[in-house]
Amino acid sequence: MSYGAHRDFYDVVKKYLDKLLTDVLNEALLKLVRNSTFGVSQAMQVAANMTVWERACEFFTRHAAQLCGIPIRLAERSHSQSLLKSAQDAAQETMLKLVKSKVEEFMLLTDNINWAADEFPPNGNEYVNELIIYLETLVSTARQILPSQVLDNVIRGVLKHISDCIVATFLSDNVKRFNTNAVMGIEVDLKLLESFADTQFHDSGLDELEGATDPKKSLAEARQLVNLLLNNHPENFMNPVIREKHYSSLDYRKVVMISEKFRDSSDRLFGTFGTRTLKQNPKKKSLETLIKRLRELS
């Protein structure tokens, strides 16, 4: 190749170069990711290596364009999409899957929660303290080798999974009943997780990414569920405007199943003799109204 080559010649070179990078290199890396057994640290390193491979491909492409006499800006424009996208996506997916699996191990500690506690745990439940220690260690390593956008995706993906697990715990057959103190304990857990999300968002420079949004939104379903359970007027969930503003992430079918398990500490004698002489708890009445109206939707 010489500097005097024409654009038509570069188009031919680019065609075969793309084929080499996408059909050969990309497929080889994809096969490596799919056919290998990784731990979290290994998967993280593979995901980081994908960025190195992509930079090497970009350099290779620019160098070929330069040898063909094509301005680099034109070469970069024609390669705006990553040639290794499927391999990159697979590596990130594998890493996130492994991290989620590890998170689920910590979530098993929710079995130790006292769902009928006489007081809430002011420092959070056992599972969340162990989980945050793990996540802080994970992110400390990840921020050194992963691109910011990939790190952001991992943090959001993990927080979303934690939120899903918390809601699933409320729905679990292992939780027959729970009271306000148990919900307040989960609320403390969420505050700790939200603090972790805020810290990583700013300390890791993720707030400087284009289109950056608050990572706490990944905890939305669990946060909104707890807010609803602690609200003194839960039946307001049925108001379309309030639901859209404050509870948009909640599925009403999950809400009714979870609400039916909720027993306030002051209502230990639900449905038993003697309660008729007592003034009904307004929140209990509101919750019963919510349950009734949600059942009608089912």
Side-chain angles (χ1 to χ4, degrees), residues 25-26 29-30 32-34 36-59 80-107 109 123-166 188-223:
L25 179 58
N26 183 67
L29 292 173
L30 194 58
L32 170 67
V33 172
R34 290 176 174 173
S36 301
T37 301
F38 298 118
V40 172
S41 59
Q42 293 171 311
M44 187 185 299
Q45 187 62 61
V46 170
N49 289 346
M50 290 296 172
T51 302
V52 178
W53 276 109
E54 183 178 13
R55 290 173 182 168
C57 290
E58 291 173 353
F59 173 80
S80 59
Q81 296 296 322
S82 172
L83 295 169
L84 306 178
K85 179 171 175 52
S86 58
Q88 288 176 320
D89 290 346
Q92 293 175 31
E93 181 181 342
T94 297
M95 176 179 59
L96 187 55
K97 182 179 179 180
L98 290 168
V99 175
K100 287 180 178 180
S101 179
K102 188 66 178 178
V103 164
E104 290 170 3
E105 294 180 20
F106 291 104
M107 294 305 295
L109 294 174
N123 298 316
N125 288 293
E126 176 187 10
Y127 81 92
V128 79
N129 289 293
E130 295 292 333
L131 181 56
I132 288 177
I133 290 174
Y134 168 72
L135 292 178
E136 288 176 341
T137 302
L138 176 77
V139 173
S140 176
T141 300
R143 69 200 300 185
Q144 297 179 41
I145 62 175
L146 291 179
S148 294
Q149 188 60 64
V150 177
L151 176 61
D152 186 63
N153 293 341
V154 170
I155 291 176
R156 292 175 190 277
V158 170
L159 292 175
K160 174 63 168 61
H161 190 59
I162 293 172
S163 176
D164 292 344
C165 289
I166 290 174
V188 173
D189 298 343
L190 285 173
K191 284 184 177 179
L192 292 172
L193 289 166
E194 288 165 347
S195 176
F196 164 80
D198 269 338
T199 299
Q200 299 308 323
F201 188 54
H202 297 292
D203 290 359
S204 299
L206 303 181
D207 55 338
E208 298 177 2
L209 290 173
E210 183 177 357
T213 57
D214 191 345
K216 294 198 299 292
K217 291 182 178 179
S218 300
L219 294 164
E221 185 180 17
R223 165 49 70 191

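In this chain, numbering begins with 1 at the start of the sequence shown.
For S101, there are no side chain to side chain contact (heavy atoms under 4.5 Å, CB included) partners, not counting sequence neighbours. Partners of K102 by salt bridge (charged side-chain N to carboxylate O under 4.0 Å, His left out), not counting sequence neighbours, listed by chain and number: E105. Applying the side chain to side chain contact (heavy atoms under 4.5 Å, CB included) rule to A47 yields the partners A91, M95, L146; only residues at least two apart in sequence or on another chain are considered. Partners of F201 by ring-ring contact (aromatic ring centres under 6.0 Å, His included), not counting sequence neighbours: none found. Residues meeting the side chain to side chain donor-acceptor pair (under 3.5 Å) test with E130, sequence neighbours left out: none. Judged as a salt bridge (charged side-chain N to carboxylate O under 4.0 Å, His left out), and not counting sequence neighbours, D203 has no contacts. Residues passing the side chain to side chain donor-acceptor pair (under 3.5 Å) test with E93, sequence neighbours excluded: none. Partners of E221 according to the side chain to side chain donor-acceptor pair (under 3.5 Å) rule, which considers only residues two or more places apart in sequence or in another chain, are K254. Residues meeting the salt bridge (charged side-chain N to carboxylate O under 4.0 Å, His left out) test with K97, sequence neighbours left out: none. Judged as a side chain to side chain donor-acceptor pair (under 3.5 Å), and not counting sequence neighbours, N129 has no contacts. With sequence neighbours excluded, the residues forming a side chain to side chain contact (heavy atoms under 4.5 Å, CB included) with K216 are E194, A197, D198, D214, listed by chain and number.
The closest side-chain heavy-atom distance from V40 to Y134 is below 4.5 Å. A heavy-atom distance below 4.5 Å is not found between the side chains of Q42 and T37. Residues L138 and M44 have side chains in contact (heavy-atom distance under 4.5 Å, counting atoms from C-beta outward). Residues F196 and V128 form no side-chain contact, since every pair of their non-hydrogen atoms from C-beta on lies 4.5 Å or further apart. Counting only heavy atoms from C-beta outward, the side chains of P215 and L206 never approach each other to under 4.5 Å. Residues N123 and V188 are not in side-chain contact: their nearest non-hydrogen atoms beyond the backbone lie 4.5 Å or more apart. Within the 4.5 Å cutoff, no side-chain heavy atoms of I162 are placed close to those of F106. Counting heavy atoms from C-beta on, the side chains of K160 and K217 never come closer than 4.5 Å.
A donor-acceptor pair is defined here as one N or O able to donate and one able to accept, closer than 3.5 Å; no such pair exists between the side chain of Q45 and the backbone of S41.
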Show your working on side chain to side chain contact (heavy atoms under 4.5 Å, CB included) between L96 and N153 and close with a plain yes or no. CA-CA 9 Å; L96 187 55; N153 293 341; over 6 Å; no
So L131 and M107, side chain to side chain contact (heavy atoms under 4.5 Å, CB included) or not? Walk me through it. CA-CA 8 Å; L131 181 56; M107 294 305 295; 4.1 Å; yes
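Remark: L135 CG to L159 CG distance equals 7.5 Å, nearest 0.5 Å. Atom CG in L30 sits 11.0 Å away from atom CG in L25 (nearest 0.5 Å). Within the model, atoms CD1 of I166 and CG of L193 stand 6.0 Å from one another, a figure rounded to the nearest 0.5 Å. Taken to the nearest 0.5 Å, the CD atom of E104 stands 10.0 Å off from the CG atom of D164. The distance from atom OG1 of T94 to atom CG of D89, rounded to the nearest 0.5 Å, is 10.5 Å.
Across all their heavy atoms, S218 and S163 have their closest contact at O-CB, 3.7 Å. Heavy-atom minimum distance, V139 versus S204: CG1-OG, 4.2 Å. Considering every non-hydrogen atom in both S86 and N26, the closest pair reads OG-ND2, 2.5 Å.
Listed by first and then second residue, the salt bridge (charged side-chain N to carboxylate O under 4.0 Å, His left out) pairs involving residues 132-159 are D152-R156 (not counting sequence neighbours).
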